[in-house]
2 protein chains.
Amino acid sequence: MEEKEISKAVIKRLPRYYRYLGELMESGVERISSNELSSKMKVTASQIRQDLNNFGGFGQQGYGYNVKHLYTEIGKILGLDKNHNVIIVGAGNLGQAIANYGAFEKRGFIIKGIFDVNPRLQGVTVRGIEIRMIDELEQFIKDNNVQIAALTIPKTKAAEMAELLVKYGVKAIWNFAHTDLNLPDDILIENVHLSESLMRLSYNITRYEKERLNENDN
Amino acid sequence: MEEKEISKAVIKRLPRYYRYLGELMESGVERISSNELSSKMKVTASQIRQDLNNFGGFGQQGYGYNVKHLYTEIGKILGLDKNHNVIIVGAGNLGQAIANYGAFEKRGFIIKGIFDVNPRLQGVTVRGIEIRMIDELEQFIKDNNVQIAALTIPKTKAAEMAELLVKYGVKAIWNFAHTDLNLPDDILIENVHLSESLMRLSYNITRYEKERLNENDN
DNA sequence: AATCTATTGTTATTATTCTAACAATTTATA
DNA sequence: TATAAATTGTTAGAATAATAACAATAGATT
Ligand SMILES: NC(=O)c1ccc[n+]([C@@H]2O[C@H](COP(=O)([O-])OP(=O)(O)OC[C@H]3O[C@@H](n4cnc5c(N)ncnc54)[C@H](O)[C@@H]3O)[C@@H](O)[C@H]2O)c1
Ligand SMILES: NC(=O)c1ccc[n+]([C@@H]2O[C@H](COP(=O)([O-])OP(=O)(O)OC[C@H]3O[C@@H](n4cnc5c(N)ncnc54)[C@H](O)[C@@H]3O)[C@@H](O)[C@H]2O)c1
């Protein structure tokens with residue numbers, strides 16, 4: 001029985017559905033139609049139905065979707081029904097900000113440890129989690145079944161560290177360093193390139209200013 | 001003279017071209033063909049040529065692209081040749097991490113001020129930048145020609161604060177709160193939804209594990 | 001129980017994005 | 001200076017994604 005390949009675009013939208021359904025659930029809404037959801041989320045109802053249908057018929061004709069059920073199902077699809085063990089590599093500004101953010105744990109992302117090379121950070125704790133030195137990394141990953149490593153170290157060190165993490169058994173890297181990691185195909189990479197995001201904003205500001213100038217010319 | 005609309009997909013790739021060209025420039029490479037760049041960046045040469053051609057013919061047949069020139073031109077397209085005044089609203093974990101990150105200034109994103117509601121933070125400085133209280137916000141935005149606000153406050157306050165920022169004259173919001181902002185069409189929004197990024201990783205981990213199980217069944 | 005209404009699942013159509021192909025043009029070589 | 005090689009800009013074609021349409025079906029109404 002072969003699974004139909006789900007397009008990347010659909011996956012990208014799933015967390016947003018999940019968020020909206022969670023909010024609806026919290027405010028006590030029991031059922032919702034693709035049309036109502038459409039106007040809330042500002043996407044077409046057609047797209048909602050098609051997206052959801054990739055994973056099976058969660059709705060009922062004439063009724064709509066049961067909010068709680070749909071929320072749970074999307075959660076399962078996203079793998080949020082299971083815990084994921086996470087380490088943070090690089091206990092600098094960003095690494096500590098992430099470590100301090102409690103909400104990830106609620107979604108099943110358990111921050112097991114934080115690592116750094118700076119000996120002055122050894123033993124310091126962030127939200128009760130101890131910062132450890134790199135020499136403990138290998139053993140720790142194996143002992144704690146670490147799946148995900150958040151990589152928050154300078155870009156010059158990132159590629160090398162990523163390879164080490166993979167060697168030690170990490171399966172997925174959440175990469176904040178401004179560089180592309182070249183790792184085996186079975187290693188999952190999710191890049192968070194904040195400066196690219198800021199550049200897109202800058203592009204749009206620039207374009208918008210240009211447009212306004214052109215309009216004034218007419 | 002009408003400008004051809006550039007597709008979102010192209011804009012999303014521009015910062016990555018910019019990064020690669022910057023690195024090539026630093027390592028002294030003077031010219032590059034779409035084919036060479038293609039193998040470095042792992043995208044098709046065809047796409048590179050088509051992307052760049054949206055903005056004009058930067059290359060030369062038989063020669064390729066001049067790295068420095070192309071880098072400069074893409075910088076201009078992205079609006080990186082001008083400074084942008086930025087404030088950070090929310091001096092918590094994330095807000096301070098961003099404020100502490102010096103590299104944005106090098107690209108022309110000047111962090112002018114940091115704001116919070118917590119009186120205990122008043123006067124504290126981050127990388128020399130003073131944390132101010134919200135009552136100074138309006139005047140500060142006007143005095144400093146602030147274009148971009150990084151929004152790093154809890155999601156329950158984000159929508160309200162975003163409206164305030166717009167009212168005071170901010171043109172673009174870099175939104176880290178986990179919520180969609182509904183603002184006038186001429187206000188630019190760039191969302192950084194970290195938990196969505198983490199959920200995508202979780203989805204892929206889950207799917208990959210499933211695939212391996214299926215393979216073993218055969 | 002029959003009919004009407006709402007709303008999905010699914011197929012068809014349209015739009016967007018990506019890749020391939022190649023003529024035009026420049027540089028390098030003989 | 002003529003010819004060959006390299007490589008772009010651009011057009012054509014293929015693939016992917018989004019929207020629209022509608023038949024099928026469940027629930028509500030009479
Ligand atoms: N802070 C931001 O807003 C921001 C924005 C965009 C990108 N980034 C990127 O995120 C990464 C982290 O940024 P930051 O601001 O937290 O930097 P930072 O300098 O505050 O922290 C980096 C930490 O990594 C540690 N480190 C260095 N090499 C290491 C190694 N081999 N193993 C383990 N730890 C190591 C350092 O000791 C330091 O504590 C950088 O690549 C940066 O470019 C950060
Ligand atoms: N830290 C992370 O890793 C992370 C990850 C994902 C999302 N986020 C989101 O980013 C935002 C900030 O996260 P954080 O970890 O920095 O939170 P935080 O609690 O550390 O900081 C929030 C700051 O905002 C201030 N604040 C509250 N209301 C304000 C207002 N009306 N005006 C100005 N300041 C106000 C608070 O005093 C506090 O200093 C939140 O929306 C959070 O959900 C953070």
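Numbers restart at 1 for each chain; the letters A, B, ... are given by sequence-line order, proteins then strands. Keep in mind that this is a model prediction, so the values were computed, not measured.
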Residue-phosphate contact under 4.0 Å: [X] side-chain N/O, [N] OP1/OP2:
X	N	result
A:Gln47	D:dA18	yes
B:Ser34	D:dT8	yes
B:Ser7	C:dT17	yes
A:Tyr63	C:dG9	no
A:Arg13	D:dA17	no

Calculate the interatomic distance between [X] atom [atom1] and [N] atom [atom2]; express it in whole Å.
X	N	atom1	atom2	answer
B:Leu70	D:dT8	CG	C1'	13 Å
A:Ile48	C:dT8	CD1	C1'	12 Å
A:Asn35	C:dG9	CG	P	14 Å
B:Ile6	C:dC18	CD1	P	13 Å
A:Lys12	C:dT17	NZ	P	12 Å
A:Ile32	C:dT8	CD1	C1'	14 Å
B:Met41	C:dC18	CE	P	13 Å
A:Arg49	D:dT19	CZ	P	12 Å

With a non-hydrogen cut-off below 4.0 angstrom, is A:Arg31 in contact with a base, only sugar-phosphate, or nothing?
nothing
Students often get this wrong, so: under 4.0 angstrom with heavy atoms, is B:Ser33 touching a base, only sugar-phosphate, or nothing?
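It contacts sugar-phosphate atoms only.
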What nucleotide, of D:dT10, D:dA18, D:dT25, holds the atom closest to the side chain of B:Gln50?
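Nearest listed nucleotide: D:dT10.
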Between D:dG27, C:dT19, D:dT8, which one does the side chain of B:Gln61 approach most closely?
D:dT8
Are A:Arg31 and A:Tyr63 in a cation-pi setup, meaning NZ or CZ lies under 6.0 angstrom from the ring centre and within 45 degrees of the ring axis?
yes
Going from OG1 on A:Thr72 to CE on A:Met25, what distance comes out if it is rounded to the nearest 0.5 angstrom?
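One gets 6.5 Å once the value is rounded to the nearest 0.5 Å.
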Quick one: on DNA chain D, does B:Gly64 or A:Gly62 contact a more 5' nucleotide (nearest heavy atom)?
B:Gly64
Taking ring-ring contact (aromatic ring centres under 6.0 Å, His included) as the definition, give me every residue that meets it alongside A:Tyr203, ordered by chain and number, with sequence neighbours left out.
none
Centroid-centroid distance, A:Tyr17 to A:Tyr20, less than 6.0 Å
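For A:Tyr17 and A:Tyr20, the ring centres are not under 6.0 Å apart.
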Does any non-hydrogen side-chain atom of A:Arg16 lie less than 4.5 Å from one of A:Val43?
yes
C:dA20 base / B:Ser46 side chain donor-acceptor hit below 3.5 Å:
yes
